[in-house]
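Before any comments, here is the structure.
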Protein chains: 2
Amino acid sequence: MQGVQKNITREQKRRQKLDVILRNAAKAFMEKGYYKTSLDDIAKMQNVTKPTLYYYIENKEDILVKCEEEACLRINGLLDSILSEHISGFDMLYSFVKGYIDIITDDIIRCHVRHRGQMEDESLRAQSIKNHKNIELKVRKIIQKGIGDNSIRNCNSMILAILLFDSLNGITSWYKSDGQINQVELTKEVLSLVSRGVKEV
Amino acid sequence: MQGVQKNITREQKRRQKLDVILRNAAKAFMEKGYYKTSLDDIAKMQNVTKPTLYYYIENKEDILVKCEEEACLRINGLLDSILSEHISGFDMLYSFVKGYIDIITDDIIRCHVRHRGQMEDESLRAQSIKNHKNIELKVRKIIQKGIGDNSIRNCNSMILAILLFDSLNGITSWYKSDGQINQVELTKEVLSLVSRGVKEV
DNA sequence: CTATGTTGTTACCGAAGAGTAACATACTTT
DNA sequence: AAAGTATGTTACTCTTCGGTAACAACATAG
């Protein structure tokens, strides 16, 4: 049994190192861009050499894939927990926007959002697009539920879902936690824009 | 005088060829991405060779710069014409959204939107960011005018302007003129989302 | 203590692609 | 027609970078 125990800690260590790699890579990709960040750059952040990375990842693109896996886990977790509640469609959408803004300050999520669907490998790209479509579909479901229970006005749920993601995902490319806009204020503005729009009534 | 005349047509021809290069490059950048598009690829689209491109552009990055110049001209043109009208702030914002959606189907504009602020050359990057800040500022001006004349509800004009651009610019990366969403429907949904939000009242 | 698997290194390969030099051709002006 | 200028080509250089082979050190298991 001792052998098994040791293997677990080893596996955990490995998992931890992979996570550090992903986190550093994601950060670099967001700051300098995917193509301007070399594997040597990423390796240096860990104080290892490039070939060492290949013990944890398959190739450069695999970093994007692994970031996506983690991001999808968290986003789907948020959506599923919201969908299981017994509240109106509007309240669900409200919760989602709030939770999503909270999530996308994480570098790995931001990296996913910015690079999804851009893999060079065709099957990976297809999978990535599928993953996002899946998420988008859940948001559409929320919107449709809202239209059904009269908490959201009648609209094209597909367009609304896409526009919503556009503006939320846009946040990832400019929001800095140390900037002049704080997260509470941001969330407040997004929520009131989404719910009431800009028009004075 | 004949010399001058001839020079003009030559200059025009040159200008035309440059425009074709920009248009093709912008299209390729949007489809395959900037780094996955080589200058050879772009040259081939014109049925010329790579060195010929260098007669019209300084280097690869210069394509982005030239696209940006043209895009800014058009966007600023739209904004300035709106700002000179005597209508409410809300109506201005409404006109802008409408006009902007109309504009961003053009490949050169889409290319600009997707690549602005991403030049490797520091001074070019700074200029690009400045250009966009300038545009964003005009939109903020419109919003503030709207708040002043009570046509737009009180909100953080900076956040609103950014969010608005995020969702509008997001459109550039998915909208296809031959897709399942037509432009009239799209514009309608965006306008009602911006003005009234999603909440049923 | 020895065998095995894990984790890392150094040193290299090969491809891609931006940019250039030198040379060729065609148009314009005088 | 000759001189000069605009426009293009072929063939090359130089660098960067993703990926790999071969080897080293070390922990763990038996």
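The figures that follow rest on heavy atoms only: side chains count, while hydrogens, waters and symmetry mates do not. This one's a predicted model, so the numbers in the text were calculated from it and none came from an experiment. Naming convention: chains lettered A, B, ... in sequence-line order (proteins, then strands); numbering from 1 in each chain.
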Closest of C:dG19, C:dT9, D:dG19 to the B:K50 side chain is C:dG19
Atom NZ of A:K32 and atom C1' of D:dT16 are separated, to the nearest Å, by 12 Å
Rounded to whole Å, the CD1-P distance (A:I57 to D:dG19) equals 8 Å
Quiz item: Do the non-hydrogen side-chain atoms of A:V184 and A:T187 ever get within less than 4.5 Å of each other?
Solution: no
Side-chain atoms of A:P51 come closest, of D:dG18, D:dA21, D:dT9, to D:dA21
Nearest-nucleotide check on DNA chain C, B:Y34 vs A:R14; residue mapping nearer the 5' end is A:R14
Looking only at C:dG19, D:dT9, D:dT20, the nucleotide nearest the B:V48 side chain is D:dT9
Of the listed C:dT7, C:dG17, D:dT7, the closest approach to the B:S38 side chain comes from C:dG17
Between B:M92 and the options B:I142, B:D149, B:I152, B:V97, the side chain to side chain contact (heavy atoms under 4.5 Å, CB included) test singles out B:I142
Result for side chain to side chain donor-acceptor pair (under 3.5 Å) between A:S157 and one of A:K145, A:Q144, A:K141 points to A:Q144
Atom CG of B:D121 and atom C1' of C:dA18 are separated, to the nearest Å, by 15 Å
Check your understanding: Which part of the nucleic acid, if any, lies within reach of A:K36 when heavy atoms closer than 4.0 Å are counted: base, sugar-phosphate only, or nothing?
Key -> nothing
Using a 6.0 Å distance limit plus a 45 degree cone around the ring axis, check whether A:K138 lies over the aromatic ring of A:F96. no
*asked:* Regarding A:R23 and A:D106, does a basic nitrogen lie under 4.0 Å from an acidic carboxylate oxygen?
replied: yes
| task | Answer with base, sugar-phosphate or nothing: what part of the nucleic acid does B:Y56 contact at a heavy-atom distance below 4.0 Å? | result | sugar-phosphate
Separation of C:dG8 atom C1' from A:I21 atom CD1, nearest Å, is 12 Å
A:Q16 atom CD is separated from C:dT7 atom P, nearest whole Å, by 13 Å
* Have a look at B:T49 and say if it touches a base, only the backbone sugar-phosphate, or nothing, with a 4.0 Å heavy-atom cut-off. => base
On DNA chain D, more 5' by nearest nucleotide between A:D41 and A:E58 is A:D41
In whole angstroms, the gap separating C1' of D:dG18 from CG of A:L64 amounts to 14 Å
Between NZ of A:K13 and P of C:dT6 the distance, given in whole Å, is 14 Å
Between CG of A:L18 and P of C:dT6 the distance, given in whole Å, is 16 Å
By the 4.0 Å heavy-atom rule, please label A:T52 as base, sugar-phosphate, or nothing. base
